[in-house]
Amino acid sequence: MKLAIRARFAVLAGLLAAGSVLVAPGATAQSAVPAVQWGACPEESLKDVPPAERPLFNCATYAVPLDHDKPRKETISLALMRRAASNQQQRIGSLFLNPGGPGGSGWGLPLAGKAIFQPEVLERFDLVGFDPRGVARSTPLRCFKTNEEANAVFAKAALVPVTKQQINDTVDAYAEYSDYCARNAGDLLEHMATKDVAQDLDLLRQAVGDKKLTYVGFSYGTLLGATYVNMFPRNSRAIILDGNVDPRLRLTNGLQYDRERAIGFEIALEAYLKRCDAEGDKCAFSEGNPRAKFDEIRNHLRKEPITLPNGDVLTLDSFTGGVGGNLYSPAVLKALAVALQEVYNVLHPSGSAQLATADLSVLTKPSKVGKYDAPADTPYTSDDSYQAVNCSDKPFPRHPQLIPLLADVWERESPTFGRYQIFSDPLACATWPAKHPDPYRGPWGRKTENPVLVIGNYYDPATQYEFAKRMSRQLGNSVLLSVDAFGHCILGDSLGVDKAAANYLITLQAPKPGQVYQPNAQPF
């Protein structure tokens, strides 16, 4: 789920025993598949791993069908990394990971195992990360041939277009983007739905020798997990979904889903500003009325940029993207308050003393390196899987001219993020060139032997808490873990949740429903 405009366009030997696996009604039974052939990882990828642990890591590429309905025809490659269980004698199996996005690279997730999981999980499971189809080291879906082409298109678009010229340019940029994808993306464009990735995942499960899938998915990865357990309920062992989407809404009404996604950002922002007000001096933005001050900054930026003391120019685009990005991470919310107060001081120079040491980069610089920040004319090495997956899964009206008309409605409802959200997927997918995607649209209530663990933060901006409640209700067998926390996803940042997740993964005992957990740290 990417925040920057460029990331939006975009932004995871021998044979197994013969025989077929148990599958859900409508799914195709799979005979034995080739095993993953593990080898050495690129040396540079392990540079931060302690030397004693490097032998635990292996990498591989694995071939899967481009079209699972035609498995004997063209194949594509998936890139995998494994961190072997440190206690092989008590090894349970593999734990597959997906970081979300869609389009997020999961290949290197095993490197972060210690930051996500309790030690006993690393002892008992091989952590397996992979780049899904179309992503990064796997066979990538690319709409451009050079970075110059990409930059020329993206430079025309605004994150939060307000003026008629900005709106027209942004609409034109997305249409041009779709034209490039139609010319360059190839056959993979028609096979980028989450359903395709779930079928890939079931082949990978077999290829590493697991009878059933153990899986942790973050953000969009929760949709992948929900799709898997409903396509392959009898192949599901232990499934954890952290930072949940609403699968039914997302797959039946993309416009309403994105509208509610904007509301989720507003809920998180409002809670942040209220917490700042309650914390007093602990929050640098607390003096006066934080809500009114924030709205004044945003409304000023709708009319003109603000030049900051360090010479940087703050625009409505950078402000909206910066605030939205920082709401993902509680660790930066204190610094965000300092930056907001500095901006407010520029508008009111006779008021509070300026914060001379303020780090304004949280607002003026993207939280992640842009996907297309390579020099012009260099070969295009990124991918466009983010948009390809979303436009395959989420149904939108095929009328780009509707978007500017709806923008005012969304903005009245969600003053900071409504316009920002509607000029993303709803606009891009209105002209997206895939003609026959085949997404999985349900049912979502097939029962698994063990309950799915659904985790939701109260103030998650990208996947609001209500989505987690809906996910839990829609699944045929689940337990909801609630966390009184800010930020997007929580594993690794709440000891209570981490221990409950570890116990579930190892013993298959889910925690009692109705519990509310706390994060390790609060924003202030």
Side-chain angles (χ1 to χ4, degrees), residues 12 82-83 85-87 90-100 104 106 109-129 201 205 210 212-226 228-229 236-245 328-330 448-460 462-463 465 467-469 471-472 475 477-521:
L12 220 156
R82 177 183 67 178
R83 184 193 192 277
S86 56
N87 186 342
Q90 292 189 316
R91 175 185 175 275
I92 294 173
S94 300
L95 172 54
F96 282 87
L97 309 172
N98 181 276
L109 269 184
L111 297 169
K114 289 183 177 180
I116 302 173
F117 299 108
Q118 292 292 288
E120 56 266 36
V121 175
L122 304 182
E123 292 173 2
R124 307 293 298 277
F125 291 94
D126 297 342
L127 301 188
V128 180
L201 184 55
R205 171 194 62 78
D210 285 5
K212 293 188 175 184
L213 179 73
T214 303
Y215 170 85
V216 174
F218 302 91
S219 192
Y220 159 81
T222 66
L223 179 63
L224 175 57
Y228 185 92
V229 300
S236 303
R237 176 187 173 273
I239 309 294
I240 298 179
L241 308 179
D242 184 7
N244 286 261
V245 307
Y328 274 57
S329 176
T448 53
E449 179 181 1
N450 303 307
V452 175
L453 209 57
V454 176
I455 307 172
N457 289 353
Y458 283 166
Y459 311 116
D460 188 320
T463 52
Y465 178 65
F467 287 178
K469 293 197 294 185
M471 173 71 86
S472 186
L475 294 175
N477 185 10
S478 71
V479 172
L480 174 63
L481 273 66
S482 304
V483 192
D484 186 3
F486 289 85
H488 185 40
C489 304
I490 195 66
L491 279 173
D493 292 316
S494 169
L495 185 59
V497 173
D498 295 344
K499 287 183 175 181
N503 185 62
Y504 165 75
L505 289 169
I506 293 169
T507 71
L508 298 177
Q509 294 179 352
K512 295 179 180 179
Q515 298 186 69
V516 178
Y517 294 80
Q518 297 296 321
N520 294 339

Side chains of Y215 and L201: closer than 4.5 Å at any heavy-atom pair? yes
Does any non-hydrogen side-chain atom of I240 lie less than 4.5 Å from one of L505? yes
Validation row: V245, M471 side chains within 4.5 angstrom (heavy atoms): yes
Please evaluate residues Y504 and L481 with respect to the criterion side-chain contact (heavy atoms from CB on, under 4.5 Å), reporting the C-alpha separation (whole Å), side-chain torsions for both, the decisive distance (0.1 Å), and the verdict. CA-CA 12 Å; Y504 165 75; L481 273 66; over 6 Å; no
Can you confirm if the aromatic rings of F486 and Y459 lie within a centre distance of less than 6.0 Å? yes
Exercise: identify the closest heavy-atom pair between G100 and N98: N-OD1, 2.9 Å
Are the side chains of L453 and P511 in contact, using a 4.5 Å heavy-atom criterion? yes
Find out whether R83 and K114 are in side-chain contact, i.e. whether some heavy atom of one side chain is under 4.5 Å from a heavy atom of the other. yes
Between D493 and D498, the two heavy atoms sitting closest are N-OD2, 3.9 Å
Heavy-atom closest contact (T463 atom, N244 atom, distance): CB-O, 3.0 Å
Which heavy atom of P519 sits nearest a heavy atom of D484, and at what distance? CD-O, 3.3 Å
Sub-3.5 Å donor-acceptor pair from the side chain of S494 to the main-chain atoms of Q518, do we have one? yes
Counting C-beta onward and ignoring hydrogens, is there a side-chain heavy-atom pair between D210 and R237 closer than 4.5 Å? no
So, do L95 and V121 sit near enough that their side-chain heavy atoms are less than 4.5 Å apart? yes
Minimum heavy-atom distance between L241 and G221, given as atom pair plus value: CD2-O, 4.4 Å
Main chain of G243, side chain of D460: is a donor-acceptor contact present, judged purely on distance under 3.5 Å? no
side-chain contact (heavy atoms from CB on, under 4.5 Å) between L495 and Q118: does it pass, once the steps are laid out? CA-CA 9 Å; L495 185 59; Q118 292 292 288; 3.9 Å; yes
Quick check: closest heavy atoms across P451 and V479, and the distance to 0.1 Å? CB-CG2, 4.1 Å
Would you check, one step at a time, whether the test side-chain contact (heavy atoms from CB on, under 4.5 Å) holds for V216 with L491? CA-CA 10 Å; V216 174; L491 279 173; 3.7 Å; yes
Below 4.5 Å, heavy atoms only, C-beta onward: do L224 and F96 meet side chain to side chain? no
Please name all residues satisfying ring-ring contact (aromatic ring centres under 6.0 Å, His included) with Y228, sequence neighbours left out, ordered by chain then number. F232
Evaluation steps, ring pair (Phe, Tyr, Trp, His ring centres under 6.0 Å), between Y465 and Y458: CA-CA 5 Å; Y465 178 65; Y458 283 166; 4.9 Å; yes
